[in-house]
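Contents: one structure, followed by commentary.
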Amino acid sequence: MPELPEVETAVRELRPLVVGRVIRGAWSTVPRQLGRLTIRQLASRVRGQRIGSVTRRGKYIVIELERGIVLVHLRMTGRLFVSPTEAKPHVHLRAGFVLDDGHETLYFKDPRTLGTIGYYSSGEAIDSLNVLGWEPLEESVTGAMLRDALRKRTQAIKPVLLDQSLWAGIGNIYASEVCWVAQIDPRTPANRLSAAQCDRLCQAVPEVLSLALERGGSSLRDFMSPEGNYGAYQKEFRVYDRVDEHCDRCGGVIKRIVQAQRSTYFCGTCQKRR
DNA sequence: CCGACAACCTGTGAGC
DNA sequence: TGCTCACAGGTTGTCG
């Protein structure tokens, strides 16, 4: 489900709901999602720790405790929210962190169970986050920096935008949207982008992501923020999921192709190479 | 190094 | 109504 705008929305809403609270217990119904730790190990390590902060790096949610860090990745269908503790949680509630006196739980809902929840020492957490690339909304990347980073990359630019070690946080929706804004053919080999195209990409990435964030992200199917809000950016998609519709810029027809096993949407008329 | 593909999972919607 | 298939916001690993 979530790319940077959705994860950032989740973090901002979660923060006031959980920071300062003490984790009283933890459980999971899908041990595979916990990485190396068993359910019992996770529970014993987080028990009694106060939540110090909730932040984001790329698509990871970083929950800092007193003696370690919980890293949550929502993957496709994950969602975090706080609600009253249920005696028999719905089957899609795959994990929970019981808070304070036990009346409320920080739930992890994840129908597809592809998400991950890991508990790490701060050193381990930093190491795993360090492989991520630029933060699109915090680091200003110049066309020259981008061009240099893409120098040896022959793959098409759109799938390259999904590489989290370049920019962290761009996913399949915004990769297509960014290419439309920058007027770049998503099939262009990354190392063949002109200087002007790199400049436009560097503008388009923060522009698209920050507008999406302002709208609370995009809601496809069931995406919902921790407070239960739906994002609104899906109303402003220029190309994503709009095959055969007309381009807002030139009236051309929007196409769908598959790159690296993911759908790509673009205008066949105004997103030309060069 | 690169691209293609499978795998990890469940749910939904379209088409027949 | 019920079946099958394609597809879904992500990432990782294998193979040629």
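Letters A, B, ... are given to chains in the order of the sequence lines, protein chains preceding strands, and every chain is numbered from 1. Bear in mind the structure is a predicted one, so any value in this text is a computation, not a measurement. Hydrogens, waters and symmetry mates are skipped; everything else that's a heavy atom, side chains included, is used.
- With DNA chain C read from its 5' end, the first of the two nearest nucleotides for Leu162(A) and Ser263(A) is the one closest to Ser263(A).
- Whole-Å rounding puts the Arg32(A) CZ to dT11(C) P distance at 16 Å.
- Between the side chains of Gln49(A) and Tyr119(A), at least one donor-acceptor pair of N or O atoms lies under 3.5 Å.
- The closest side-chain heavy-atom distance from Phe237(A) to Ser218(A) is below 4.5 Å.
- Protein atom CZ of Arg262(A) is 5 Å distant from nucleotide atom P of dG10(C), rounded to whole Å.
- Relative to the six-membered ring of Tyr240(A), Arg242(A) misses at least one condition, a distance below 6.0 Å or an angle of at most 45° to the axis.
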Strand DNA chain B as a dot-bracket string - pairs counted if Watson-Crick or G-U with both distances under 3.5 Å, | where the partner lies in another strand | .|||||||.|||||||
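- Residue Leu166(A) contributes atom CG, which lies 15 Å from atom P of dG10(C) at whole-angstrom precision.
- Mapped onto DNA chain B by nearest heavy atom, Leu114(A) and Lys152(A) fall at different nucleotides, with Lys152(A) at the one closer to the 5' end.
- Between Tyr174(A) and Tyr233(A), the ring planes lie tilted relative to each other; the angle falls in the 30° to 60° range.
- Across dC9(B), dG10(C), dG11(B), the shortest atom-to-atom separation from the side chain of Glu3(A) is found for dG10(C).
- Separating the NE2 atom of His73(A) from the P atom of dC9(B) is a distance of 17 Å, rounded to the nearest angstrom.
- Ser176(A) and Thr264(A) form no side-chain donor-acceptor contact under 3.5 Å, judged by distance and modelled atom types alone.
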Check against side-chain contact (heavy atoms from CB on, under 4.5 Å), Val253(A) and Cys267(A) = CA-CA 6 Å; Val253(A) 178; Cys267(A) 173; over 6 Å; no
If you restrict it to nitrogen or oxygen atoms, what contacts under 3.5 Å exist between nucleotides 4-6 of chain C and the protein, and what is each distance?
none

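- On the P atoms, dC9(B) is 25 Å away from dC3(C), given to the nearest whole Å.
- Closest contact between the side chain of Arg75(A) and the listed nucleotides dT10(B), dG10(C), dC7(C) involves dG10(C).
- Between Trp167(A) and Trp134(A), the ring-plane angle classifies as perpendicular under the 30° and 60° cut-offs.
- We find that NZ of Lys59(A) is positioned 13 Å from C1' of dT12(C), with the value rounded to whole Å.
- Look at Arg238(A) and Glu177(A) and you find no salt bridge, because none of the NZ, NE, NH1 or NH2 atoms lies under 4.0 Å from a carboxylate O.
- Between the side chains of Gln234(A) and Asp241(A), no donor N or O sits under 3.5 Å from an acceptor N or O.
- Of the candidates dT10(B), dC7(C), dG3(B), the closest approach to any side-chain atom of Gln155(A) belongs to dG3(B).
- With rounding to whole Å, Arg153(A) atom CZ is found 7 Å from dC2(B) atom P.
- Taking a cutoff of 4.0 Å between a charged side-chain nitrogen and a carboxylate oxygen, Arg94(A) and Asp110(A) do not qualify as a salt bridge.
- If you check the side chains of Thr116(A) and Gln33(A), you find no donor sitting under 3.5 Å from an acceptor.
- Among dT11(C), dC2(B), dA8(C), the nucleotide with an atom closest to any side-chain atom of Arg112(A) is dA8(C).
- Distances shorter than 4.0 Å separate some side-chain N or O of Gln164(A) from OP1 or OP2 on dT11(C).
- Annotation: side chain of Asp163(A) is not in contact with side chain of Gln155(A) (no heavy-atom distance under 4.5 Å).
- Counting non-hydrogen atoms under 4.0 angstrom, Thr116(A) reaches nothing in the nucleic acid.
- Distance, Ile257(A) CD1 to dA4(B) C1': 15 Å, rounded to whole Å.
- Taking the P atoms as reference points, dT1(C) lies 26 Å from dT10(B), given to the whole Å.
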Nucleotides 13-16 of chain C: which of its N/O atoms have a protein N/O under 3.5 Å away?
none

